[in-house]
Amino acid sequence: MIKKTMFFCCFLAFINCTDNNNLDGCIQALPLNRVTYLTNPEALNANVPGGYVELSGGSKGILLMNVNGTEFVAYDRLCPVGDCDTPMTFNGTFILKCECDGSEYGVGKGIGGNPQTEGFICPAIEYKVTKSGTTIRISNY
């Protein structure tokens with residue numbers, strides 16, 4: 001009975017998988033090459049694992065998160081649908097929210113800005129982050 005249940009669950013998961021190649025209407029990564037230093041007062045909160053700061057740059061600002069002390073992720077605060085003048089807000093617990101349409105996006109290592117609100121397919125724009133000493137480079141390449 002357990003094998004049949006597992007088979008059925010796997011089958012349902014398989015047929016419910018969708019193709020995410022339909023992202024043509026989504027805003028892609030914007031040109032960005034920003035350097036900040038963890039010693040700057042504006043970035044002090046990003047020195048601790050789980051800490052984050054909101055920086056200038058990108059389209060509507062950048063959310064920089066410290067994942068575990070050595071790894072960082074960064075997201076543009078521009079709503080992925082692109083028709084909102086207000087930057088997305090961060091609740092401090094892995095969710096960016098677009099105030100214009102109420103859509104939410106998961107942020108963090110391995111999450112990739114994926115939409116958490118049903119009916120939305122465009123992810124939040126994630127940037128590449130490189131750390132060297134106390135220097136953080138945020139870029140789209």
Tell me every residue that passes side-chain hydrogen bond (donor to acceptor under 3.5 Å, both in side chains) with [X], counting only those two or more places apart in sequence or in another chain.
| X | result |
| --- | --- |
| Gln116 | none |
| Asn66 | none |
| Thr86 | none |

In the structure I gave you, are the side-chain heavy atoms of [X] and [Y] within less than 4.5 Å of one another anywhere?
| X | Y | result |
| --- | --- | --- |
| Lys97 | Asn91 | no |
| Ile136 | Val35 | no |
| Tyr52 | Leu63 | yes |
| Leu32 | Ser139 | no |

Worked verdict on Met65 versus Phe90 for side-chain contact (heavy atoms from CB on, under 4.5 Å): CA-CA 11 Å; Met65 297 174 60; Phe90 182 62; 4.1 Å; yes
Common cluster, Ile95/Val73, ILVMFWY with side-chain heavy-atom separation under 4.5 Å: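 Cluster IDs for Ile95 and Val73 differ.
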What's the shortest heavy-atom distance between [X] and [Y], and which atoms?
| X | Y | value |
| --- | --- | --- |
| Phe72 | Ala46 | CE2-O, 3.4 Å |
| Gly58 | Asp76 | CA-OD2, 3.4 Å |
| Cys26 | Pro123 | SG-CD, 4.4 Å |

Sequence neighbours excluded, every pair satisfying salt bridge (charged side-chain N to carboxylate O under 4.0 Å, His left out) that has a member inside residues 129-141: none
Pairwise salt bridge (charged side-chain N to carboxylate O under 4.0 Å, His left out) hits with a residue in residues 36-64, at least two apart: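 Found Arg34-Glu42, Glu54-Arg77.
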Step-by-step side-chain contact (heavy atoms from CB on, under 4.5 Å) determination, Leu55 to Thr36: CA-CA 9 Å; Leu55 303 169; Thr36 192; 4.1 Å; yes
Gap separating the CG atom of Leu38 from the CG atom of Leu44, nearest 0.5 angstrom: 8.5 Å
Evaluation steps, side-chain contact (heavy atoms from CB on, under 4.5 Å), between Ile62 and Ile138: CA-CA 9 Å; Ile62 299 168; Ile138 304 168; 4.2 Å; yes
side-chain contact (heavy atoms from CB on, under 4.5 Å) between Phe120 and Val81, intermediate numbers included: CA-CA 9 Å; Phe120 289 83; Val81 178; 4.0 Å; yes
Exercise: do Asn68 and Thr70 side chains pair donor with acceptor under 3.5 Å: yes
Worked verdict on Cys79 versus Cys84 for disulfide bond (SG atoms under 2.5 Å apart): CA-CA 6 Å; Cys79 288; Cys84 183; 3.8 Å; no
Report, one line per pair, each donor and acceptor closer than 3.5 Å where one atom sits in a side chain of residues 102-111; sequence neighbours left out.
{"from": "Ser103", "atom 1": "OG", "to": "Asp101", "atom 2": "OD1", "distance (Å)": "2.6"}
{"from": "Ser103", "atom 1": "OG", "to": "Tyr105", "atom 2": "OH", "distance (Å)": "2.9"}
{"from": "Lys109", "atom 1": "NZ", "to": "Glu71", "atom 2": "OE2", "distance (Å)": "3.1"}

